[in-house]
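First comes the structure, then the notes that go with it.
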Amino acid sequence: MSYHFNEIEAKWQKYWTKNQTFKAENKSDKPKYYVLDMFPYPSGAGLHVGHPLGYIASDIYARYKRHTGFNVLHPQGYDSFGLPAEQYAIQTGQRPEDTTRVNIDGGFDKEGNKISGYRKQLDKIGFSFDWSREVRTSDPDYYRWTQWIFIQLFESWYDIETDKARQISDLTEIFSAEGNLKVNAACDDEIVEFSPGEWKLFSSEEKQQVLLKYRLTYLAESEVNWCPQLGTVLANDEIVNGVSERGGYPVVRKKMTQWSMRISAYAQRLLDGLSSIDWPQPLKDSQTNWIGRSKGALVEFPILAFPEGEGKQKPGYMTGGNNSHLLIDKAKQMRNNPTQAEKLLWDCLISKKLGYKFRQQHLIDDFIVDFVCLSKKLVIEVDGNIIHDSQQEKDEERTKIINNLGFRVVRFRNEEIIGNIDFVLEQIKIQLQQDVIPPSGARGIKVFTTRPDTIFGVSFMTLAPEHELVQEITTSEQKEAVSAYIEKSAKRSERERMADVKTISGVFTGAYAIHPLSGEKIPVWIGDYVLAGYGTGAVMSVPCGDQRDYDFATHFGLPIPNIFEGIDISEEAYAEKVGTKIANSDFLSGLSYKEATQKAIEALEAVHAGKGKINYRMRDAVFSRQRYWGEPFPVYYVNGMPQMIEEKYLPLRLPEVEKYLPTEEGEPPLGRATTWAWDTNKNEIVSNELLDVSKSIYPLELNTMPGWAGSSWYFFRYMDSENQERFVSEEAQKYWENVDLYFGGSEHATGHLLYSRFWTKFLKDRKFVAVEEPFKKLINQGMILGMSAFVYIVEPIFKYFENGNGNKMKGIEVSELFLDKRFIISYSLIQKEDTRELYDQLGFNNKDLQKKFKEELITKYSNITERFEDESIQKYLDNLENVEAVAVFAYKKRVDISLLIGLSDELDIGRFKKDLRYQDFSDAEVLTEDGKYIVGREPEKMSKSKYNVVSPDEICVQYGADSLRLYEMFLGPLEQAKPWNTAGITGVHSFLKKLWKLYHNDEVFGVSDEKASADSMKTLHKTIKKVTEDIEAFSFNTSVSSFMICVNELMAQKCDQREVLEPLAILIAPYAPHIAEELWQKLGNNESVATAAYPEFEEKYLVESTKEYPISFNGKTRFTLELPLDLSKEEIEEMVMANEKTKNQMEGRTPKKIIVVPGKIVNIVG
RNA sequence: GCCCAGGUGCUGGAAUUGGCAGACAGGCAUGGUUGAGGGCCAUGUGUCCUUAAGGGCGUGCGGGUUCAAGUCCCGUCCUGGGCACCA
């Protein structure tokens, strides 16, 4: 009875579906185990053999866990929103919804080609998925909850004090009670401070504006990565080498109003969480890298007010702005004519009763304040008796600016001072006791540095061209140069800027900053080596310690002071931290990196010019896409302010549009929808025409969510996929917790895997889930590469070059790599006169390259024929008649692997020539002696465009799903990338045939109930041990070879006992479930093998009494000797030395040393 | 430049608490079975010397530790992946 795998597999796949064998229950006595694969994007191309690799591994583990008594959740679904469906829609006009459905469930594409669909393809491989829990991210029942989570994010802010996300209503309560002064939140940088009174006075819109700066998802105008070809913005992780990940289109910087996710609030927790999860180290490393935490200091360098002055150093008390020279006379005048109240107060203040020095009518920026205590940064303003509204507004404005410079302001009215001077002084005293608030605002240049120890090495400062201060500080002389530079660098695309890191460019602003510790005057430059997006967009340049600063200084002739003891910096900067001593640095001289860093921060803090700071590289994630095929935002706009649609009216369904392109006005595709307005009375989507008619109807958001929205929480939905009340019920989530084992590719390291962790932490903070991390253990499966086939083409080219004498000549250029290949001569180009076309085809479209190639050909001409082993080309050339000159060279061309004969590397020349894709070669000549053409093969990523795709469907038909499963595992370690070679599958296929035979006597099934031999029991238990260890270590390739060894041994032993064959069937069931079920049934079991108890390993069958000792002399094994295992060291030594062979080896010498390791080895030295 | 992973036969790979390198497969070769092909079975297959017995050399390269190194240490080269004017 032979092994009819197709019948067997179809039978059991049907059985599993019918009996819902793998349906997971949310209630069970068994312990739970959650195994998950990253769900696929269902593309029109269907599955290739690379896709199921991870699914097979996870399936084996899930099945293994079922055998060992776990309640296993092993679901599957589709990440069905995404760009390719939309691109396809743009091209063909078909609805993405329809094409996506066909890609999953099967059907026909527009050309009428049959698409079998992901589901059918997956089903054929025999996975133990619980399909009753399937999710599709593009299903309104699913994205309803994606929208819901978005609303929760909108309704939350991040409280740094409690290190948690909290409801936005908590924040508004705090604002009403105490303003925002004490709020320590993750929020936008430019937050204006306000009191509870001011908060109450804000209009509704102003309040919404303020709150947007705190929300975890917020609308902000920011510089984004705009991809004109795709018509959308991209997140940082969707850009690779300055071009879009999908399609490879250029990306430019553009200012746009976009939804963003405040993931930066979670930077530290995302970093800390990594230590609690069992993920591959490289993956953790790349997340760590991406988050990019760096420890250092934030330092503020004040800007010199009179850069064009006599070069005098500005004293610390001169706090005036750029217009000080105009105001200073006015201030003097005011000092001489004080009001009554001013006079009274000044007399008290100048008497130093309060213990602090005050100044009168002093310049701060472009304002003259009445009194100021510079050391405590306290301003005292005296107001007239009658205060008009307009005056009050002006005062508030003025207070804000002064606040931003780091001064507090107290105001008293004239009558207060005159009426109760003691009370006023008491108030001032209280203010003086408070700490100085470091300046939060404008005039200083704030920089972030990881090397505060090198602060005395600063010789200039550099701002990013986009820096907001640039316009303000640039002197009139430099204005032109600076503007030109800014314009030039703004024009450069991101890619250009990245490609060109070598060119040093920059311009002096004319402004100077003041060193906060030395008081020295430091020139301020702008340069595009400083990135606007990182840190503060400005750097303190320490040329001796940073190569970029060094290069910049060298280029522009700026000074390079050396602050390292005994280090030569005449050639390059010195960036080593350890073992370095700081010199020429005032109080830091002589200190190590660590000591100096700490001292520098202390000193900066003392003068309120800086503080220690942790900076993160990770930016907030842009969450809007100008696309159609994504989740619509549950958002409408009232007076330009975003409003959330109430939860109970979700989902907000994606509208129909006629075309999937942006509108003429450049709006996203949803701008084409005619029914896309929100009626706040009826709470439904209504026609846009009503927008002007009714006051309760508002426009809906036109952007959609990015691809990662739906995938950031789907693992929770599987726990309770039918729930209509909640995204996952509390009980279901508490039961399944999180994913125990997650399989997927490492390419999602900084996208999906980071965003999922972020959302999970957020949901935990808001108590929607009870876990902090989504995936406990993660395994990255490696990519299966396709074996692309290549043909090697030589093409004769005429009128190609001339030698020095003006004669045309003959030559061959064949890459050395191709010397052992067979060639195909293409005639297609012979007829073509214009060689430029050929150049283009080969990439030699550059004049220099052409010249170089020509030269090389001439110099190599003399010895090329010797190097070239296949003489047929030479013969061909020699036989050419009436041709004076010809040059030939070879290149390779991909050929479709379906044009090969069988599984061999031989090209079907007839079909190749007839193939339309290779019509240039229809009259080609194949240079081979034996009439065969053997292609070259190279591993590459499997893809349709490379003609190297192997479909699992064909493999299943030819060899069966069990063979496919075993082979994919047998190929090599799971995490490794490895090439696919269909020919190799015969190994595992014949193994399965042998296994089948083991359970059969000739034509009939037959097992005996007799006792198995000791050898068979040993083989079985050895296999149980090895396979179990391997499966726990995810070493599936070695367990497959263990099965092979096991079956080979049992065959040799002629084993047919149930005692061995029954446990073996269970053992192999996770790997080859179909054949295992069939054998299990034939063994007389009625239930599926899926939940049969896993065989237990028993040591006793493996106990050996003897060991074949390798006997080595000076480390080289010469022979082996079988000895009982219970011998002592001495006994072993005695027996070995007594052996005849030992005596032969020693040839009468006495050993210097004898090493005996019982149970392992004997080594005789001498 | 920085971080990570990895270099073992013709190919995929096995062996890393230091203990007979090349398990298990594919390929190739020879033989058997078969009308033929496919299939199946058997044997061989790191490399060099040798009729053989046997021996030399062998895990990218160079050193070192050890009775013993693919495995540990130092240096170096190469390949693949990630990040990158990140201050």
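In what follows, chains carry the letters A, B, and so on, assigned in the order in which the sequence lines appear, proteins first and then strands, with residues in each chain numbered from 1.
Checking A:D549 against A:Y529 by side-chain atom types alone, a donor-acceptor pair falls below 3.5 Å. In this structure, a donor-acceptor pair under 3.5 Å is absent between the side chains of A:S746 and A:N780. Side-chain contact annotation: A:W980 with A:T982, donor-acceptor N/O pair under 3.5 Å present.
Taking every side-chain heavy atom of A:V539 into account, B:A87 is the closest of B:A87, B:G13, B:C40. The listed nucleotides are B:A87, B:C3, B:C57; the one nearest the side chain of A:K1116 is B:C57. Residue A:K1153 places its side chain closer to B:C67 than to any other of B:C3, B:C67, B:A87. Checking B:G56, B:C3, B:A14 against every side-chain atom of A:T1038, the shortest atom distance belongs to B:A14. The side chain of A:I1161 has B:C20 as its nearest neighbour among B:C20, B:C24, B:G13. Of the listed nucleotides (B:A5, B:C41, B:G55), B:A5 has the atom at the smallest distance from the side chain of A:P282. Listed nucleotides B:C24, B:C85, B:G55 differ in distance to A:Y529; the shortest reach to its side chain belongs to B:C85. Taking the side chain of A:S990 as heavy atoms from C-beta on, and the options B:G55, B:C40, B:A25, the nearest nucleotide is B:C40. Closest to the side chain of A:N1048, from the set B:C85, B:C40, B:C24, is B:C24. Here B:A14 is the nucleotide among B:A14, B:C86, B:G19 with the atom lying nearest to any side-chain atom of A:N1037.
In this entry B:C10 has B:G26 as its Watson-Crick or G-U wobble partner, both defining distances falling under 3.5 Å. Base pairing analysis places B:C57 opposite B:G46; the two distances defining the Watson-Crick or G-U wobble pair are each below 3.5 Å. When both distances must be under 3.5 Å, the Watson-Crick or G-U wobble mate of B:G31 is B:C41. Using Watson-Crick or G-U wobble geometry with both donor-acceptor distances under 3.5 Å, B:C2 finds its partner in B:G82. Nucleotide B:A68 forms a pair with no other nucleotide shown, judged by Watson-Crick or G-U wobble geometry with both contacts under 3.5 Å.
Applying the side chain to side chain contact (heavy atoms under 4.5 Å, CB included) test to A:A575 and every residue at least two apart in sequence or in another chain returns nothing.
The pair A:E1049-A:K1018 does not meet the salt-bridge criterion, since no charged nitrogen lies less than 4.0 angstrom from a carboxylate oxygen. Between A:K1129 and A:E1133 there is no salt bridge, since no side-chain nitrogen of the basic residue lies less than 4.0 Å from a carboxylate oxygen of the acidic one.
Annotation: proximity of residues 288-296 of chain A to RNA chain B (heavy atom, distance under 4.0 Å) is found for A:N289, A:S294, numbered in ascending order.
If you take atom C1' in B:G12 and the same atom in B:C4, they sit 24 Å apart, rounded to whole Å. As rounded to the nearest Å, B:C28 and B:C74 have C1' atoms that lie 42 Å from one another. With both ends at atom P, the span from B:A84 to B:C78 equals 24 Å, rounded to whole Å. Comparing the P positions of B:U50 and B:C77 gives an interatomic distance of 39 Å, to the nearest angstrom. With both ends at atom P, the span from B:U59 to B:C20 equals 16 Å, rounded to whole Å. Nucleotides B:G19 and B:G70 place their P atoms 9 Å apart, quoted to the nearest Å. The gap from the C1' atom of B:G22 to that of B:G26 amounts to 15 Å, rounded to the nearest Å. Nucleotides B:C85 and B:A23 have their P atoms positioned 48 Å apart, rounded to a whole Å.
Screening residues 1150-1166 of chain A for side chain to side chain donor-acceptor pair (under 3.5 Å) gives A:S1112-A:N1163 as the qualifying pairs, with residues at least two apart or on separate chains.
With its glycosidic angle more than 90° from 0, B:G39 adopts the anti conformation.
Summarising the geometry, the separation between CE on A:M1051 and P on B:A42 is reported as 9 Å, rounded to the nearest angstrom. Residue A:L971 contributes atom CG, which lies 16 Å from atom P of B:U11 at whole-angstrom precision. Here B:G80 presents its P atom at 16 Å from NZ of A:K941, a figure rounded to the nearest Å. Taking atom CD1 on A:I784 and atom P on B:G80, their separation rounds to 20 Å, with Å as the unit. The interatomic distance linking A:I901 (CD1) with B:G38 (P) rounds to 14 Å, in whole Å. Rounded to whole angstrom, the span from the NE2 atom of A:H467 across to the C1' atom of B:C86 amounts to 15 Å. A:D551 has its CG atom 14 Å from the P atom of B:G1, to the nearest Å. Look at NZ on A:K978: it is 19 Å from P on B:G26, rounded to the nearest Å.
The residue A:K1152 sits apart from the nucleic acid: no heavy atom pair falls under 4.0 Å. Base engagement by A:V1157 is indicated by at least one non-hydrogen atom pair under 4.0 Å involving a base atom. Nucleic acid contact class of A:Q281 (heavy atoms, under 4.0 Å, all strands): none. Contact annotation for A:T750: no contact, since no heavy-atom pair falls under 4.0 Å across all strands. Using a 4.0 Å heavy-atom distance criterion, A:N1163 is classed as a base contact.
In this structure, A:R757 is positioned above the aromatic face of A:W279, its NZ or CZ under 6.0 Å from the six-membered ring centre and within 45° of the axis.
Closest-nucleotide positions on RNA chain B for A:D1030 and A:S1112 were compared, and the one nearer the 5' end corresponds to A:D1030. Of the two residues contacting RNA chain B, namely A:I985 and A:I1155, the nearest-nucleotide position lying further toward the 5' end is that of A:I985.
For the OP1/OP2 pair of B:A84 and a distance below 4.0 Å, the side-chain nitrogens and oxygens of A:R617 include at least one atom meeting the criterion. A sub-4.0 Å separation between OP1 or OP2 of B:C85 and a side-chain N or O of A:Q547 is absent.
The backbone N or O of A:A609 lies less than 3.5 Å from no partner atom in the side chain of A:E300, so there is not a single donor-acceptor pair.
Using a 30° and 60° split on the angle between ring planes, A:H989 and A:Y3 fall in the tilted class, from 30° to 60°.
Put simply, the residue from A:F456, A:Y574, A:Y593 that forms a ring pair (Phe, Tyr, Trp, His ring centres under 6.0 Å) with A:F564 is A:Y574.
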